[in-house]
Amino acid sequence: ETDLRLADFGVARRLLEEAVDIRRGLSADPSVDLAESLYCLGTAAGRGGDSVTGRMLLRETLSMEIAVHGADHINVGRVRYELASGTHDGTGDSEANFDEALRIFRMHPGEPTEAHGSALHSRAEYLAVTGRVEEAIELSKEALQVWRELFTEDHPAYAKTAEGLGLIYCATGRKLEGIPLLRQSLK
């Protein structure tokens, strides 16, 4: 994980591949550890430029998470969000994965995660660009609530979502609502 944070994807990928091989050798059954290793490897591959491998590993992770935890588990939402993100999935099922990830996250209101906040923010950006402004506003507000639960209003994730919502408001003539959010995002 440390290697991922340092963006040294080559080293992280080799370490994760070793972990996956070891865990596969220990058991043929789907396991939480193997699913987590595949998830990390899939996200590292996708963010490192190998979206085909990333998508393949994340789909394998999704199958394992569903087998181990069931289709409505928060880990399934996390994997669906990664598949929906532009880094991993250009196959046309992004929208369905986003919607499914958000549905799952909403089933677990007491368990906000960064993936939940990121999914809401990303989906809101997409909706705003495609002209579905009211839906974008609602998802942005929901994302701000998740960021408040996880962090403070000074956190960069909160600021980014506040800025996006402020820009949407200003672009639609609702400057009285937008300007305070834009100011807050600059703090």
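Note that this is a predicted model, so its numbers are computed, not measured. Residue indices begin at 1 and follow the sequence shown.
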Discussion item. Checking His121 against Ser118 for the side chain to side chain contact (heavy atoms under 4.5 Å, CB included) test, could you report, in this order, the C-alpha distance in whole Å, the side-chain angles of both residues, the deciding distance, and whether it holds?
Written reply: CA-CA 5 Å; His121 175 82; Ser118 296; 5.7 Å; no

Worksheet, complete the sentence: Nearest heavy-atom approach of Trp147 to Glu114 is CH2-O, 3.6 Å

Practice prompt. Return the minimal non-hydrogen interatomic distance between Ala136 and Ala124, and the atom names on each side.
Written response: CB-O, 3.3 Å

Discussion item. Within the structure provided, determine whether Glu60 and Ser63 are in side-chain contact (heavy-atom separation under 4.5 Å).
Written reply: no

Worksheet item: Is Glu177 paired with Lys141 through a side-chain N to carboxylate O contact shorter than 4.0 Å?
Response: no

Worksheet item: Checking salt bridge (charged side-chain N to carboxylate O under 4.0 Å, His left out) against Arg123, which of Glu135, Glu100, Glu95 comes through?
Response: Glu95

Fill in: Considering all heavy atoms, the nearest Leu102-Ala119 contact
CD2-CB, 3.9 Å

Discussion item. If you compare all heavy atoms of Ala84 against all heavy atoms of Asn97, which two are closest, and at what distance to 0.1 Å?
Written reply: CB-CB, 3.7 Å

Fill in: From CG (Asp154) to OG (Ser185), nearest 0.5 Å
11.5 Å

Response to the item:
Residues Leu120 and Arg106: closest non-hydrogen pair is CD2-NH2, 3.9 Å

Worksheet entry | Thr161 to Ala143 - nearest heavy-atom pair and separation | CG2-CB, 3.8 Å

Discussion item. Does any part of the side chain of Gln184, heavy atoms only, come nearer than 4.5 Å to the side chain of Tyr158, both counted from C-beta?
Written reply: yes

Worksheet item: What do you reckon, is CG of Leu176 surrounded by more than 12 foreign heavy atoms closer than 6.0 Å?
Response: no

Worksheet item: Apart from Leu167 itself, which Ile, Leu, Val, Met, Phe, Trp or Tyr residues share its cluster (side-chain heavy atoms under 4.5 Å, direct or through members)?
Response: Leu182

Item to complete: Check whether any side-chain heavy atom of Ile66 sits under 4.5 Å from a side-chain heavy atom of Leu62, and report yes or no.
Response: yes

Response to the item:
Rounded to the nearest 0.5 angstrom, the CE-NE2 distance for Met107 and His73 is 11.0 Å

Worksheet entry | Test item: Leu83 and Arg55 side chains (from C-beta on) under 4.5 Å apart, heavy atoms | yes

Worksheet item: Can you find a heavy atom in the side chain of Ser122 that is under 4.5 Å from one in the side chain of Tyr81?
Response: yes

Item to complete: Kindly compute the distance separating CD (Gln145) from CG (Leu150), expressed to the nearest 0.5 Å.
Response: 10.0 Å

Worksheet item: Does the side chain of Val52 come within less than 4.5 Å of Met56's, by heavy atoms?
Response: no

Fill in: Residue pair Tyr39 / Arg78, side-chain heavy-atom distance below 4.5 Å
yes

Worksheet item: For Arg148, does the CZ atom sit with more than 12 other heavy atoms under 6.0 Å from it, leaving out its own atoms?
Response: yes

